[in-house]
Structure formats: structure tokens, C-alpha cells
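Here is how names work: the chains are called A, B, and so on, in the same order as the sequence lines, proteins then strands, and each is numbered from 1.
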Amino acid sequence: MDNISIARLLDETAALLEIDSADPFRIRSYRRAAEAVEQQTTQLATLVNEPKQLMAIPGIGKGMAANIVALLTTGTMPLREELLLKYRPSMLELLRLPGMGPKSVALVWSALEVSDIDGLEAAAKAGQLAKLPRMGEKFAAKLLKGIEDYRKNSSRFRIDKAQGFADTISGMIREFPGIEVITPAGSLRRGRETVGDLDLLVTGPACEPDVVAAAVEHVAGLPLIDKLLAKGQNKVSFTLRNNLQVDVRLLPRASYGAALQYFTGSKMHNVALRQRAIKRGLTLSEYALLRLEDNVIVAAASEEDIYHALDLDYIPPELRENGGELEAAAAHTLPVLIELGDIRGDLHMHTNESDGRDSILAMAEAAMARGLKYIAITDHSKALAMTNGLDDARARAHVKRIREVDAELGGKIRVLPGIEVDILADGSLDLEDATLAEMDIVVASVHTHFNQTQEEMTARVLRALENPHVRILGHPTGRKVLSREAYAIDIDAVLRRAAELGVAVEHNASPARADLTDLNLRLAKQHGCRIVVDTDAHATEELGQMRYGVTQLRRAWLTKADVLNTLESAEELLGAMRPKP
DNA sequence: GCCGTTTTCGGCCCGACTGTTTTCAGTCG
């Protein structure tokens with residue numbers, strides 16, 4: 001059983017405990033343990049005989065370690081089995097409906113024996129819900145709408161899409177006079193790969209308490225609103241036609257930092273931060289950090305003030321997952337995270353010679369405009385016929401043209417000849433070694449899965465790594481971000497071998513194609529892998545996706561020194577890569 | 001169920017909004 005599955009079972013147990021009205025703090029322990037397990041880079045399955053190491057994980061004590069061992073050895077645990085005798089697994093899905101919390105789920109179960117969505121829908125339509133305490137006509141109507149939406153679309157949005165909506169909505173809000181700053185908070189600011197809903201924080205003179213009502217009305221009247229969900233004194237919630245929920249909060253400037261900190265989260269980071277505040281005789285809310293004894297404001301206007309007042313270094317949003325960042329900030333050992341401006345080159349892109357849209361020169365000029373000092377042109381090889389992939393002869397001719405463009409540019413930017421070569425089912429490559437020898441950058445990628453098992457896929461990649469011409473392993477897992485598909489490859493084994501051989505591992509910056517998670521990246525660093533981040537651009541504007549890739553590197557706690565394509569020049573880079581045979 | 005510069009017991013984060021209410025519980029973030 002992998003860590004994700006363990007975390008899910010612990011989280012489900014927490015939900016069942018909630019329905020069972022268990023001790024809230026016990027519930028929180030299960031939630032916290034689930035989060036901690038999900039963040040581990042080592043598979044807990046390897047620690048089944050090392051309970052001490054399990055208990056070294058913050059949030060996991062004696063009882064939880066026993067639960068995890070039970071899950072790993074039997075596939076379930078006593079408490080979970082006990083709860084499943086009383087309740088139904090389908091009730092967990094009810095919790096995902098808006099307005100349905102654990103108390104309501106328990107109520108419809110005890111009063112109406114309703115345990116799933118179909119049953120709940122029937123009960124609401126039959127008017128049975130309205131008879132229950134604290135549930136009226138309005139609640140039932142809202143619930144039916146919620147069920148409809150849930151069935152239609154219950155997915156999250158990719159970060160680049162969410163960013164686009166944030167930009168559009170921000171532009172419309174900014175039209176109101178007296179609005180100065182709009183910041184997306186929440187998981188978008190933390191740089192998660194996907195975003196569940198959008199939190200926009202707004203401030204400026206129009207957001208001061210005595211005048212804010214007019215600005216609230218402006219937001220509530222935005223033309224792109226599909227359904228208005230809530231409108232309060234300084235908050236407006238609505239959904240767009242695509243069902244993306246947007247929460248807009250208008251805040252006075254004096255408390256903007258506290259609000260930004262609060263709404264950026266994550267939830268677990270905030271809980272830990274507040275506990276720290278209380279230990280210091282302070283209390284932290286979305287309005288301010290206050291001294292408990294006399295309610296004097298200690299910090300509120302900026303996030304930096306708040307962290308410093310809690311004896312912490314400033315913590316970048318990408319690290320705020322309660323994954324050790326508070327301890328590091330207290331000890332002044334937070335890493336100096338890599339930034340977009342540190343990236344000097346992009347080593348994976350396509351041109352119109354295969355399935356790209358633009359020419360070698362156009363890609364080079366666009367890269368130059370973005371301040372890059374070197375790029376590699378890596379078009380597809382012949383096995384990918386649908387991409388017009390190159391055979392040996394075309395690949396050699398392409399190298400010549402790339403070198404000509406490189407010479408034409410006179411050193412303003414270096415353009416390195418390369419290829420994205422396909423790893424065939426048996427692990428061999430689909431071009432001759434003599435062709436690969438002419439390339440500076442050989443990216444080897446798996447593009448088709450056939451019907452191979454994980455063992456076969458892993459063996460295939462491991463064999464490809466042994467080819468001495470391979471310098472970069474391209475999108476190693478083939479993972480799809482939104483569907484969170486299981487890995488087809490034993491990523492731990494692959495990263496280990498790549499590190500031994502000096503093959504760099506690619507993190508694909510494109511949100512659509514990203515295949516290493518932040519956890520994979522942490523694992524790569526642990527194993528001592530050389531890491532490159534590149535865009536896999538198929539058109540000039542896709543070079544801009546580098547920012548999303550860098551965000552993922554930051555979430556993995558990586559620094560400039562951890563990433564190969566921060567090296568200043570093409571010569572330095574090639575010198576740091578696996579030597580050519 | 002976890003945790004400890006208040007350490008083996010007694011704590012454990014904060015506030016707004018909604019719908020159903022006549023003062024509040026439940027949900028959400």
C-alpha cells in the first residue's frame with residue numbers, strides 16, 4: 001500500500017469519526033496524520049518493521065503508528081472496521097456536497113436511513129428533509145442544486161487555467177475606483193498544481209469599513225457571475241459558468257497582511273502558526289496578531305511583520321504546507337528558494353520540423369527575449385510518426401541547421417542541437433548511436449505505454465538510462481495532473497539509477513504535461529539527482545510556462561544549486577552533465 | 001490521538017455566514 005492510500009484511509013477514518021461525533025481533537029489527529037503521511041518522500045511500506053521511524057514523523061505517535069502498521073499488513077485497521085459496521089462508505093461522499101457536514105450526514109442517517117446521494121436527493125424531493133430539525137425548504141432546495149452541480153462537475157482546475165480566471169476577474173474588480181491591490185490567495189498563491197476554488201483579496205481606499213458596501217455591490221454585480229452564493233459585509237462568493245467557485249474579500253489596508261497570511265493557508269500551516277502564537281501569549285486571526293492580555297495589535301499590515309513577531313523568518317507561500325517550514329523558519333534554516341530569474345536555459349523544446357509550430361530561429365529569439373542564455377532544440381524522433389518525428393537522416397540534417405542558426409546568432413544566445421528520442425518497448429532507442437553522438441542534448445522519453453506492467457515499464461526506462469548518449473530522462477512518469485493517475489513506473493528505482501549514472505531528470509514545466517510532483521522532486525534531491533526544469537514548448541509563447549515549473553521546484557524546497565539549468569553558460573552546463581562517450 | 005522551554009496530564013485555532021431560529025448550531029474556509 002502506498003502513502004497516498006494510507007493517507008486516504010486515515011482521512012476517511014477521520015470523516016467517519018466526525019459522523020460518529022467523536023472527540024474533535026481525536027479527529028484532528030487522524031487528519032493531521034493523513035497530511036503528514038501524504039508528505040513523506042519515503043514509502044511507509046518500507047518502515048513496517050521500524051515503528052520508531054514512523055513515530056519520528058510529527059503527528060504520528062504510538063497509536064497512529066499501530067494504525068499504519070495495521071493498514072500496511074492487513075489492508076485495514078480495527079477502528080475503521082468498527083466504524084464501517086455502524087456507517088456506510090457512501091456517506092463519505094455526502095460530505096462533499098455543499099452544506100452537508102458530519103452532523104447533517106449523521107442526522108439523515110439516523111432519521112431517514114439515507115446513506116448516499118441518490119437517497120438524499122429522493123428525500124429532499126419528497127419533502128422529508130424539511131421536517132428534520134434545522135433543515136427547511138431553503139436548505140433542501142440548495143442541496144438539490146448542490147447535488148446537480150456535484151454530478152455535473154466536481155473536479156479541480158489546473159493552475160494555469162485558474163490563474164487565467166484570476167487575472168480576468170481581477171481586471172473587472174479593478175475597474176471600481178479606490179481599489180488598489182488584488183492578490184490571489186489560497187492554493188493558487190501556494191502554487192499547487194490544481195486549484196479547487198479561487199480566493200481573491202482586495203484592498204485600497206474603497207475597502208475601508210465605512211465605504212466598503214459600494215465596492216461589495218460592484219463585485220456582486222460582475223457580469224461573469226453565474227450563481228451568487230453569499231454576500232456579506234466584506235465578502236462575496238460566487239461561481240462561474242464552469243462551476244469554479246470564487247471568494248472575493250475586501251479588506252482594509254491596515255489588516256491586509258493578516259488577511260493575506262490567513263487566506264493563503266494552508267489550513268494546517270495556519271493551525272500550527274496559531275498554536276505558536278498562543279504559546280507566546282498572542283492570538284492570530286485574519287485581522288491581526290494581538291496580544292491576549294490587552295488586545296494590543298502586534299502586527300497586521302504585512303505578512304513579514306506577522307512572521308517576525310512570532311520569531312520566524314518569512315516563509316514563502318509555496319512552503320506553507322506544515323511540512324517542516326515552521327521549524328526551519330524558527331531555526332533560520334529555510335532554504336533560499338530558486339526563482340524564475342535564476343533559470344538560464346531551457347533544454348527541451350520542439351520546432352516545426354516535428355510537431356512544433358515555430359522555427360528554430362523563432363524559438364531562439366523568443367528565448368532570448370525571456371533572458372535565456374542557452375536553449376536546446378529537441379524535436380521528436382521517428383517512432384512518434386504522428387508528430388512527424390525525425391529519422392536518422394533528417395535528425396542529422398536538423399543538427400546542421402541548428403548549428404547554423406547558432407552561428408548566425410553570434411553568441412547572443414547559444415542554441416544546442418538535441419533530440420527527444422523515444423524509448424521503445426524493450427528499452428532500446430529508436431535512433432542510431434552515431435546519430436545521437438552528434439547531439440549535445442539527448443532527452444530520452446517514454447511516450448507509449450503499450451500494455452506493460454510497472455515492472456516492464458521500469459525495466460524499459462532503466463535500460464534506456466544505460467545508453468551513454470542519454471543526458472536527460474524526459475517526463476519520467478507519464479502522469480496526468482488532473483486525473484492523478486497512478487505512476488506507471490517505479491519512480492524511486494529510476495531516480496536512484498539516474499543519479500548513479502549522472503543522467504539528469506527533467507521536470508516538465510508545462511502544467512498540462514508536468515509529471516514529477518513536488519514530492520518526486522524532493523525524492524530526486526534526496527537521491528542526488530541532477531535536476532533540470534524545461535518547458536517542452538511547442539510554440540514560442542509556451543516558453544512562458546517556465547514560471548509554473550519553477551513554482552513546483554520551490555514547493556519541493558529546491559535552491560538554485562539543485563537545478564542544472566541555472567548554470568551561467570552552455571559550456572558550464574555541458575560540463576556538468578553526463579560526459580559524452 | 002498527539003504533545004511537552006507551562007512535559008506524562010490537560011490542554012488542543014479563529015471568525016463569518018446561513019438557515020433556522022428567538023439565541024444558535026452547523027458549515028466553511
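How far CG of Leu495(A) is from CG of Leu523(A): 5.5 Å, rounded to the nearest 0.5 Å. Atom CG in Leu284(A) sits 5.5 Å away from atom CD in Gln261(A) (nearest 0.5 Å). Separation of atoms CG (Asp294(A)) and CD1 (Ile297(A)) is listed at 11.0 Å; rounding is to 0.5 Å.
A straight line from OH of Tyr287(A) to C1' of dC13(B) spans 15 Å, rounded to a whole angstrom. Rounding to whole angstrom units, CZ of residue Arg276(A) and P of dC12(B) are separated by 18 Å.
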The contact string for nucleotides 19-29 of chain B, one letter per nucleotide 5' to 3', using protein heavy atoms under 4.0 Å with B, S and - for base, sugar-phosphate only and none, comes out as SS----SSSSB
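No side-chain heavy atom of Val212(A) sits less than 4.5 Å from a side-chain heavy atom of Gln233(A). Side-chain contact between Leu228(A) and Val236(A) is present, with heavy atoms from C-beta onward closer than 4.5 Å.
With sequence neighbours excluded, the residues that form a side-chain contact (heavy atoms from CB on, under 4.5 Å) with Val271(A) are Gln275(A).
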Could you go through residues 120-144 of chain A and list every donor-acceptor pair under 3.5 Å that involves a side-chain atom there, pairing it with any protein atom two or more places apart or in another chain?
from: Glu121(A); atom 1: OE1; to: Arg151(A); atom 2: NH1; distance (Å): 3.0
from: Glu121(A); atom 1: OE1; to: Arg151(A); atom 2: NH2; distance (Å): 3.2
from: Glu121(A); atom 1: OE2; to: Lys125(A); atom 2: NZ; distance (Å): 3.4
from: Glu121(A); atom 1: OE2; to: Arg151(A); atom 2: NH1; distance (Å): 3.2

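Pairing for dT8(B) is absent, judged as Watson-Crick or G-U wobble with the two contacts each under 3.5 Å.
A close approach under 4.0 Å does occur between a side-chain nitrogen or oxygen of Arg28(A) and OP1 or OP2 of dC13(B). Listed pair Gln275(A) / dC12(B) fails the phosphate criterion, with no side-chain N or O lying under 4.0 Å from OP1 or OP2.
Contact record, Gly186(A) with Asp199(A): CA-OD2, 3.8 Å, taken as the closest heavy-atom pair.
Between Glu318(A) and Arg192(A) there is no salt bridge, since no side-chain nitrogen of the basic residue lies less than 4.0 Å from a carboxylate oxygen of the acidic one. At a threshold of 4.0 Å, the pair Glu286(A)-Arg249(A) does not count as salt-bridged, since none of the basic side-chain nitrogens sits closer than that to a carboxylate oxygen. With salt bridges taken as basic N to acidic carboxylate O contacts below 4.0 Å, none links Glu325(A) and Arg320(A).
Residue Thr283(A) is in sugar-phosphate contact alone, with no base atom involved, counting any heavy-atom pair closer than 4.0 Å across all strands shown. Within the 4.0 angstrom heavy-atom criterion, base atoms lie near Asp23(A). In this structure, Ile278(A) reaches the sugar-phosphate backbone alone: every heavy-atom distance under 4.0 Å involves primed, P, OP1 or OP2 atoms, never a base. No engagement by Leu273(A) is indicated, since no non-hydrogen atom pair under 4.0 Å with the nucleic acid exists.
The aromatic rings of His269(A) and Tyr307(A) sit tilted, their planes meeting at an angle between 30° and 60°.
The backbone N or O of Ser90(A) sits nowhere less than 3.5 Å from a side-chain atom of Asp116(A) that would complete a donor-acceptor pair.
When each of dG1(B), dC2(B), dC14(B) is scored by its nearest atom to the side-chain atoms of Arg26(A), the top-ranked nucleotide is dG1(B).
Less than 4.0 Å separates DNA chain B from no heavy atom of any residue of residues 312-330 of chain A. Within residues 52-77 of chain A, the residues approaching DNA chain B are Pro58(A), Gly59(A), Ile60(A), Gly61(A), Lys62(A), Gly63(A), Met64(A), by heavy-atom distance under 4.0 Å. Of the residues in residues 225-234 of chain A, those with a non-hydrogen atom less than 4.0 angstrom from any atom of DNA chain B are Ala230(A), Lys231(A), Gly232(A), Gln233(A).
Taking atom P in both dC13(B) and dC17(B), the straight-line distance is 23 Å, to the nearest Å.
Residues Thr183(A) and Tyr256(A) bring a donor and an acceptor atom of their side chains to less than 3.5 Å of each other.
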